[in-house]
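For reference, the structure is listed below as structure tokens.
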Amino acid sequence: MRIAIVGSGKMGKAVAELAEKRGHSIHTVVKGVENAGGRALTHERLAGADVAIEFTRPDAVVHNLERLIELGIPTVSGTTGWTDALPRITGMVELRRAALLHAANFSIGMHLFFRAAQELARCFRGRGEFAVSIHEEHHAAKLDAPSGTALLLQQRLWAEEPGRRFPITSVREGTTTGTHTLTYDGPHETVSLSHVARSRQVFAAGALAAAEWLPGRTGVYTFEEMLFGEST
Ligand SMILES: NC(=O)c1ccc[n+]([C@@H]2O[C@H](COP(=O)([O-])OP(=O)(O)OC[C@H]3O[C@@H](n4cnc5c(N)ncnc54)[C@H](OP(=O)(O)O)[C@@H]3O)[C@@H](O)[C@H]2O)c1
């Protein structure tokens with residue numbers, strides 16, 4: 001496949017490196033400095049690309065998606081912090097019969113963790129003596145807090161126990177790739193479930209798998225729908 005990489009930060013570089021190892025070619029790399037408001041995403045620049053993989057910033061992603069949808073390039077986006085714009089972007093994708101797969105977290109282990117967390121929430125439903133919390137830690141350069149993954153986890157837990165608070169605490173320091181922990185803390189005992197991403201390769205591999213899956217489809221998909229079927 002010929003892949004357009006939009007955003008050449010830590011994730012864009014990790015995806016490009018892995019894509020070449022897997023025999024794909026990098027059609028173009030669109031950098032932040034040339035692409036204010038998505039202006040570098042032109043028909044000429046993208047012509048011949050089979051798919052775009054977008055990892056940029058919360059303030060850039062929506063312009064990029066708008067341009068890529070208009071150009072009809074199937075797009076995988078891992079940028080976080082833009083869920084408010086999702087309904088509008090979904091409307092655009094449907095109108096244009098375009099294709100978008102987005103995920104706040106491209107790790108398979110994390111999506112299995114969500115399922116285990118929901119099971120835990122079912123077990124602890126109604127047990128008010130346990131204080132429940134979500135804690136997430138990421139490297140100091142991560143811009144959004146709470147993480148998109150923590151917000152997704154919170155939604156999944158609300159689905160199991162709607163009336164309960166699932167407060168999130170966030171730490172931004174050092175170079176840690178990403179840790180999420182769900183804790184039920186009782187008066188004399190603690191139960192916790194953690195997911196630790198040891199390297200960003202895990203996200204690059206997931207995004208690339210999504211880019212291999214998306215072309216030929218239309219509509220808006222999540223990584224979870226790709227992994228477990230479109231009805232999840
Ligand atoms: N879904 C997942 O599994 C997953 C995993 C890791 C990270 N993320 C998310 O992915 C995003 C990127 O993470 P990262 O670690 O790669 O961040 P990063 O290292 O800070 O890189 C962001 C890059 O985006 C570029 N950029 C900004 N505006 C742009 C634009 N309009 N067009 C093209 N490029 C633009 C920046 O370029 P300049 O510096 O030149 O502006 C920078 O190189 C974040 O939102 C992060 O939370 C998601």
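Start at 1 and go down the list; that is how both ligands and their atoms are numbered. Each residue takes its place number in the sequence, starting with 1.
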Need the ligand 1 atom indices (1-based, order shown) with element for anything under 4.0 Å from a heavy-atom of [X].
X	answer
Ala60	28 (N), 29 (C), 30 (C), 31 (N)
Ser8	43 (O)
Val30	33 (C), 34 (N)

Check for a donor-acceptor pair, side chain of Asp185 on one end and backbone N or O of Ala131 on the other, with a separation under 3.5 Å.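 Between the backbone of Ala131 and the side chain of Asp185 there is no qualifying donor-acceptor contact (under 3.5 Å).
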Is there a donor-acceptor contact under 3.5 Å from the side chain of Glu94 to the main chain of Gly91?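 Here the side-chain-to-backbone pair does not exist.
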ask   = Measuring from the heavy atoms of Gly81, does anything fall under 4.0 Å of ligand 1?
value = no
**OP:** May I ask whether Ala141 has any heavy atom positioned less than 4.0 angstrom from an atom of ligand 1?
**Re:** no
Nearest to [atom], what protein heavy atom do you find, and at what distance?
atom	value
atom 29 (C) of ligand 1	Gly32 CA, 3.6 Å
atom 27 (C) of ligand 1	Arg57 CG, 3.7 Å
atom 17 (O) of ligand 1	Lys10 NZ, 4.1 Å
atom 30 (C) of ligand 1	Asn35 ND2, 3.6 Å
atom 2 (C) of ligand 1	Ala104 O, 3.4 Å
atom 6 (C) of ligand 1	Met11 CG, 3.5 Å
atom 8 (N) of ligand 1	Gly78 O, 3.7 Å
atom 4 (C) of ligand 1	Phe55 CE2, 3.7 Å

[X] N/O under 3.5 Å from ligand 1 N/O:
X	result
Phe106	yes
Ala103	yes
Lys142	yes
His139	no

Should [X] and [Y] count as side-chain neighbours, where that means a heavy-atom distance under 4.5 Å?
X	Y	value
Leu153	Phe113	yes
Glu161	Val132	no
Trp82	Ile89	yes

Worksheet item: Using 30° and 60° as the class limits, which term best fits the ring planes of Trp158 and Phe166: parallel, tilted or perpendicular?
Response: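 Perpendicular: the ring planes of Trp158 and Phe166 meet at over 60°.
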Ligand 1 versus [X]: contacting region, heavy-atom distance under 4.0 Å:
X	result
Lys31	backbone
Ser147	neither
Val61	neither
Ala40	neither

- Cluster overlap Val6 with Leu18, hydrophobic side-chain contacts below 4.5 Å: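 Different hydrophobic clusters.
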Are Val51 and Val220 grouped together when hydrophobic residues (ILVMFWY) are joined by side-chain heavy atoms under 4.5 angstrom apart?
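Unlinked, Val51 and Val220 end up in two clusters.
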Distance under 6.0 Å and angle within 45° of ring axis: Arg115 vs Phe228
yes
d(Ile108 CD1, Met226 CE) to nearest 0.5 Å is 7.0 Å
Reported OG-to-CD distance for the pair Ser107 and Gln201, which is rounded to 0.5 angstrom =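 Spacing of OG (Ser107) from CD (Gln201) equals 13.0 Å.
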Next on the checklist: Between Ile134 and Leu157, is the side chain to side chain contact (heavy atoms under 4.5 Å, CB included) condition met? List the steps.
Outcome noted: CA-CA 10 Å; Ile134 299 168; Leu157 298 171; 3.9 Å; yes
Next item on the list: Would you mind checking if Glu225 and Arg217 are paired as a salt bridge, meaning a charged N to carboxylate O distance below 4.0 Å?
Entry: no
